[in-house]
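Since the structure comes first, as structure tokens, the remarks are kept for the end.
These numbers come from a predicted model, not from an experiment.
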Amino acid sequence: LILPNGQKTIWLSKKIPLHDNLGNVSGLLGVSVDITELKETQEELKKAKEKAEIANKLKSEFIENMQHDLRTPASGIYSALEMLSHSNNHEQNLESLPTITKSAKELLELCNEVIDFENIEYGRHAIQSKEMNIHHIASHIVNLNSTAAKDKGIQLLLQFDPKIPEIVKGDSYRLKKILTNLVGNSLKFTKLGEVKLIVQLLDKKKNKLSIQFIVSDTGIGIPEDKTGLIFEKFTRLNPSNQGLYKGTGLGLSFVKKFVDELGGNIEVTSQLNVGTQFLVTLSFVASENNLSTKQQTLEYPTITPDKDTTLTNTRVLVIEDHELACMVAKRIFERAHCTVTLAKNVAEALAILNTEKFDIVVSDLGLPDGTGLDIIRVIKKNADSLNYKTPFVALTAHNDEDKKTQCLEAGFLAMFSKPIETELATKILQSYIDVAPKKRTLY
């Protein structure tokens with residue numbers, strides 16, 4: 001029934017005949033009940049059920065893909081290392097190492113993406129508004145992906161609007177994640193042509209800025225029936241066992257979630273075998289502290305065994321409970337001509353720190369009998385302790401904002417994500433040896 005106000009309603013009616021004393025039908029009794037709300041609820045439940053079924057199917061596909069994606073590099077690494085342990089062919093062993101390293105990196109990236117998903121899903125990254133340089137962020141992301149683009153023979157371009165103020169306030173963590181995922185995604189699905197990141201100022205009212213980020217590519221495009229699903233968790237264009245495109249299917253769900261949290265907007269246009277374009281519009285606030293000169297990005301050279309370095313005989317304490325991680329860290333720092341001491345737990349580390357002076361301490365946060373925070377708190381509470389002024393740097397497999405804050409408050413100068421590698425070791429040595437205790441940086 002349509003009510004006088006135009007609202008459509010649904011009624012359930014039951015009618016029965018009324019009989020007189022002689023059994024003749026003398027009337028009709030009808031009872032009608034408004035079931036509009038019930039039918040609407042049923043329809044909502046039906047849609048929710050369909051959505052849940054799609055989500056469960058995607059989750060099942062995700063688990064199957066992850067089983068393949070995790071086992072493939074892991075089994076390859078295991079087989080290769082077993083082969084190396086039984087081989088005396090030094091030249092052949094050296095040839096295998098780049099492939100093993102590549103597989104290990106692939107495995108680590110998959111693990112990091114799943115861990116990121118958990119942190120994001122449970123809201124462990126609070127929205128923040130801090131000063132940042134959007135041009136530097138965009139340039140950094142393009143530089144990070146330049147090698148991958150070059151290897152594929154693809155042009156990776158950045159077009160930046162000079163009208164955008166140098167320093168703005170916003171959430172740099174979410175912006176980096178959005179652009180990293182979109183640029184990486186475009187590179188993955190592009191075989192020929194180019195990937196372009198365009199950053200342009202749409203509107204400026206006083207200190208309020210509306211900035212649009214466009215990531216376009218000349219890749220394979222998105223099928224029309226998949227366009228509405230690409231931002232759903234676990235969605236992938238193809239199963240991992242086809243070996244065409246790697247990934248967890250979580251990246252674009254991160255992007256959509258972050259854009260929504262920032263009150264922004266994201267649109268996608270795509271044409272099969274022509275390319276795809278993502279348009280993200282976000283709001284920022286122009287900072288009062290805009291600089292007149294461009295900041296410089298620090299570059300850290302690679303450590304080589306025969307490099308002449310001023311860091312010779314630097315005394316490094318590495319606190320790490322994992323045997324393989326200990327061995328790797330020791331060798332990397334020794335290649336930089338450092339003298340390395342190892343500790344595997346809190347008690348051992350404190351005993352060493354109370355008897356030996358070090359130039360820098362690199363500590364894992366998670367240890368069998370406590371944490372790296374326990375160690376630094378003991379050392380920093382006594383100004384007369386042997387290593388009170390020694391710079392401490394933290395390593396962790398669980399990189400989140402709360403951990404970073406705890407590290408800074410305890411006295412660490414910086415916190416880095418595992419694993420320790422040559423470039424990171426170089427950065428630590430060149431950035432934090434003989435620095436003032438007040439200088440603190442987050443990465």
In terms of side-chain heavy atoms, does Asn273 have a donor or acceptor partner in Gln271 at a distance below 3.5 Å? no
I'd like to know if the side chain of Ser186 pairs up with that of Asp217 as donor and acceptor (distance under 3.5 Å, no hydrogens or angles considered). yes
For the CD1 atom of Ile379 and the NZ atom of Lys389, what is their distance to the nearest 0.5 Å? 15.0 Å
Say whether, by atom type as modelled, one donor and one acceptor occur between the side chain of Ser146 and the main chain of Asn143 under 3.5 angstrom. yes
Side-chain heavy atoms of Leu45 within contact of Lys49, under 4.5 Å: no
Sequence neighbours left out, what pairs pass salt bridge (Lys or Arg N to Asp or Glu O under 4.0 Å) with at least one residue falling in residues 323-332? Lys330-Glu334
Does the side chain of Lys256 come within less than 4.5 Å of Leu252's, by heavy atoms? no
Could you list the residues that satisfy side-chain contact (heavy atoms from CB on, under 4.5 Å) with Pro368, not counting sequence neighbours? Asp321, Asn345
Between Gln406 and Leu365, does a side chain to side chain contact (heavy atoms under 4.5 Å, CB included) hold up when you go through it step by step? CA-CA 11 Å; Gln406 290 175 20; Leu365 288 183; over 6 Å; no
With Val361 as reference, evaluate Leu353, Val393, Ile376, Val318 under the side chain to side chain contact (heavy atoms under 4.5 Å, CB included) test and give the passing residue. Leu353
Under a 3.5 Å cutoff, is there a donor and acceptor pairing between the side chains of Asn387 and Thr390? yes
Answer whether the closest heavy-atom distance between the side chains of Leu182 and Val280 falls below 4.5 Å. yes
Assess, by modelled atom type and distance only, whether the side chains of Lys208 and Ser283 contain a donor and an acceptor separated by less than 3.5 Å. no
Heavy atoms, side chains only, cut-off 4.5 Å: are Leu175 and Phe258 in contact? no
Can you check side chain to side chain donor-acceptor pair (under 3.5 Å) on Ser287 and Glu131, steps first, answer last? CA-CA 7 Å; Ser287 172; Glu131 291 188 344; 2.6 Å; yes
Should Thr147 and Asn145 count as side-chain neighbours, where that means a heavy-atom distance under 4.5 Å? no
Carboxylate-amine/guanidinium contact Arg174 Glu261, below 4.0 Å: yes
Using modelled atom types only, decide if a donor and an acceptor are shared between the side chain of Gln128 and the backbone of Lys130 within a distance under 3.5 Å. no
Evaluate side chain to side chain contact (heavy atoms under 4.5 Å, CB included) for Val199 paired with Asp161, printing each intermediate quantity in order. CA-CA 6 Å; Val199 185; Asp161 190 340; 5.9 Å; no
Validation row: Leu279, Gln277 side chains within 4.5 angstrom (heavy atoms): yes
Val183 side chain near Val142 side chain, heavy-atom distance below 4.5 Å: no
Working note: Leu282 + Ile178, criterion side chain to side chain contact (heavy atoms under 4.5 Å, CB included); need CA distance, chi angles, decisive distance, verdict. CA-CA 11 Å; Leu282 298 172; Ile178 290 168; 4.3 Å; yes
Judged by atom type as modelled, is there a donor-acceptor pair below 3.5 Å linking the side chain of Ser385 to the main-chain atoms of Asn382? yes
Check for a donor-acceptor pair, side chain of Asn181 on one end and backbone N or O of Val255 on the other, with a separation under 3.5 Å. no
Would Ile428 and Val362 count as a side chain to side chain contact (heavy atoms under 4.5 Å, CB included) here? Give the steps. CA-CA 9 Å; Ile428 290 171; Val362 180; 4.3 Å; yes
Is Val285 close to Leu209 at the side-chain level, that is, under 4.5 Å between some pair of heavy atoms? no
Short question: side chain of Lys380, backbone of Tyr388 - any donor-acceptor pair under 3.5 Å? yes
Checking Leu373, Thr371, Ile319, Asp374 against Ser363 for side chain to side chain contact (heavy atoms under 4.5 Å, CB included), the one that qualifies is Ile319
Please report the interatomic distance CD1(Ile266) to CD(Gln212), rounded to the nearest 0.5 Å. 11.0 Å
